[in-house]
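Here the structure is laid out as structure tokens; the discussion comes afterwards.
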Amino acid sequence: MEDSIGYTMLRNPRYNKGTAFTQEERKKYGLTGLLPDKVESLETQILRVDEQLENFEKPINKYIYLMQLLETNETLFFKTIISEPAKFLPLVYTPTVGQACQEFGHISRRQRGLFISIDQKDHIKEILRNWPVKDVRFTVVTDGGRILGLGDLGINGIGICIGKLILYSSCGGVPPEYTLPIVLDAGTNNQEFLEDPLYPGLRRKRVRGQEFDDFVAAFVEAMQEVFPKVCIQWEDFPGVDAIRILNTYRDNICTFNDDIQGTAAIATAGFISISRLMKKAFKEQRFLFMGAGAAAFGIADMLLKKFIRDGLTEEEALQQIWMFDVNGLLVKSRSDLAEHQLIFAHNSEPSDNFAETILKIKPTAIVGVSTVGGAFNNQVIENMSAVNERPIFFPYSNPTDHSECTAEQAYVWSKGKAIFASGSPFPPVEYEGKIFTPGQGNNVFIFPALGMAIYATQAKRVTDEMLLTAAEAVAEQVTKEDFEKGLIYPHVNDILKVSMKVAEKVADYIFESGLAGVERPDNICDFIKSKMYVPAYCTVTSIEDN
């Protein structure tokens, strides 16, 4: 028996309106009787979603409910998320998405995205053509090798890709139909998953080396043929692989790595904001990193470009950036440094004590990208407070329990002197009668707006200069009043307004640099607005046409 048009529409998340179908639409499409008689507004439906979410205590259960909503009513889902971003983004992305990835094989309902195994390397084009949309503009792709600070989660890392693309649409306005989450399954070294009967990926140790690189190369070639206008965002690949893949393809196709470049841009935005609001030249800042992997390298490289843009020579700029890893301070006498670390190694005495290194180098800011929870201990924070009137702490590791320190520790141990921003959200802190609002260096202020600019302009490449432009645009939107409350980033509930301005600035740079694939419009702001996805129900006519 064939389904009626109306019955089919109720099961199509893109066109389903649920109880918001009008009486006219119900008659026209055979929906009468398939729904309660009352016609509800989108706002009323959101009230019901809110109420149902209150029935769940655990964030992971709220995540599961929202993902089911995405698969039944796409418009209602996105309208809900953007109705109160500060409330809903932590449920669909960091920090809840980390647990969702760990338990993906156990909570997965309807599969979303494409799953491509290394055993299918010679058939990737056919797999891509199985996707129902033929004009994909954005894909977020992972191999699950290093998900947040949780390590190798294998194919379960698809949850990160789904979450990132939700943010592209809800926070940046990229139409969801142009997005595609993909996981490249090269196995996993997670023994727990290999022994789990519900793990959905390849049951083999992770393939590395040339065989893996050939798999990635075949994927990139297939993507370029099947989706020639696509931008590939690499997500949560292990550090050395992430840097190698980015460097291999960044000058040849439209691609970037959010862990390296997006994290770098939002961190840089925070430092620009702090410098501006403290009426201090950016080039006076000095940075010490805890962690020297891909994320640290990305941030340091972006800071280097900002220093140079502000007038320092490369040699002068490098003197302002120091790194510390599991084996101590990066100095030229060490023989264990990776190639990408060498540029940030200094002619200095070795040190394996981070707190003592602070007293020696006297950084104005320390950046945590080590995934070691509690690495910024009491002594570290006290030493930073001893050498700075307003010490800056950026514990950027995710999820929350991997953060190098909590907001409360930073404010209390520094006796209220700290300027703080973290990767995961922390609640406000009261110290000696004053309320401090922790900043969150969330990439959501960068990559969705960058994605919107790329989508609108059909940019041919993604450059570090585009990301630095995005960082400067974010920093411009932090007010003195925000800073006095402890904020160094815009409020996340203003994300759409912020993204609009960032996308406009980045699009302008894309046109100026000759990287656009379309003609420059007379008014870039109006041009961006015309391209943005706004979650609203289709009219009868537009449903008919589709």
Side-chain angles (χ1 to χ4, degrees), residues 137-138 168 171-175 178 224 228-233 246-247 249-258 260-273 275-276 281-283 298-299 301-314 317 443-478 490 495-533:
R137 300 294 185 87
F138 264 95
Y168 269 107
C171 302
V174 177
Y178 291 113
Q224 294 303 295
K229 294 181 180 179
V230 75
C231 179
I232 300 174
Q233 178 192 315
L246 178 62
N247 290 339
Y249 298 105
R250 65 190 303 169
D251 295 329
N252 302 312
I253 65 172
C254 186
T255 190
F256 72 104
N257 184 303
D258 188 54
I260 298 173
Q261 296 162 289
T263 300
I266 194 59
T268 302
F271 295 128
I272 295 171
S273 175
S275 300
R276 178 172 65 84
F282 179 86
K283 58 189 178 183
I299 297 171
D301 193 53
M302 188 73 68
L303 293 172
L304 185 66
K305 287 180 169 61
K306 176 60 177 172
F307 278 130
I308 293 171
R309 183 179 281 193
D310 285 5
L312 295 186
T313 65
E314 181 173 311
N443 293 15
V444 74
F445 286 114
I446 297 292
F447 70 83
L450 176 72
M452 186 63 224
I454 292 168
Y455 164 71
T457 64
Q458 296 186 27
K460 301 169 187 174
R461 300 285 181 272
V462 181
T463 66
D464 282 339
E465 287 71 25
M466 288 161 60
L467 283 130
L468 183 52
T469 298
E472 292 174 339
V474 171
E476 286 176 5
Q477 298 180 68
V478 183
I495 184 63
L496 272 179
K497 180 178 71 175
V498 173
S499 291
M500 182 68 207
K501 293 181 179 179
V502 175
E504 185 180 348
K505 289 287 182 71
V506 175
D508 183 62
Y509 179 87
I510 292 170
F511 285 117
E512 288 291 329
S513 59
L515 291 171
V518 298
E519 292 285 328
R520 184 187 183 106
D522 293 331
N523 187 305
I524 293 178
C525 180
D526 290 344
F527 173 69
I528 294 292
K529 284 182 179 178
S530 72
K531 298 290 184 180
M532 290 187 75
Y533 165 72

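Since the structure is predicted, the reported quantities are computational estimates derived from the model, not experimental observations. These values consider heavy atoms only, across backbone and side chains, with no hydrogens, waters or symmetry-generated copies.
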Distance (rounded to the nearest 0.5 Å) between Met466 CE and Leu468 CG | 12.0 Å
By side chain to side chain donor-acceptor pair (under 3.5 Å), Lys505 pairs with (sequence neighbours left out) Glu476
Hey, does Phe282 have a side-chain heavy atom less than 4.5 Å from the side chain of Leu303?
-> yes
Only residue of Val506, Leu515, Val462 satisfying side-chain contact (heavy atoms from CB on, under 4.5 Å) with Ile454 is Val462
Does some side-chain heavy atom of Ser513 sit less than 4.5 Å from a side-chain heavy atom of Thr463?
-> no
Side-chain heavy-atom pair Gln224, Ile232 within 4.5 angstrom cut-off = yes
Pairwise side-chain contact, Pro448 with Val174, heavy-atom cut-off 4.5 Å (strictly under) = no
If we only count heavy atoms from C-beta on, is the Phe445 to Val498 side-chain gap below 4.5 Å?
-> yes
Is there side-chain contact between Lys306 and Glu472, with at least one heavy-atom pair below 4.5 Å?
-> yes
From Met500 atom CE to Ile528 atom CD1, the distance as rounded to the nearest 0.5 Å | 6.0 Å
Other residues, nucleotides, ligands: >12 heavy atoms within 6.0 Å of Asn523 CG = yes
Flag side-chain contact, heavy atom, 4.5 Å: Gln233 against Phe256 | yes
Criterion salt bridge (charged side-chain N to carboxylate O under 4.0 Å, His left out) on Asp464 and Lys305, from CA distance to verdict = CA-CA 8 Å; Asp464 282 339; Lys305 287 180 169 61; 3.3 Å; yes
Between Ser499 (side chain) and Cys171 (backbone), is there a donor-acceptor pair under 3.5 Å?
-> yes
Aromatic contact, Tyr168 with Phe447 (centres under 6.0 Å) | yes
Exactly one candidate in Tyr178, Phe527, Phe138 meets ring pair (Phe, Tyr, Trp, His ring centres under 6.0 Å) with Tyr455; the answer is Tyr178
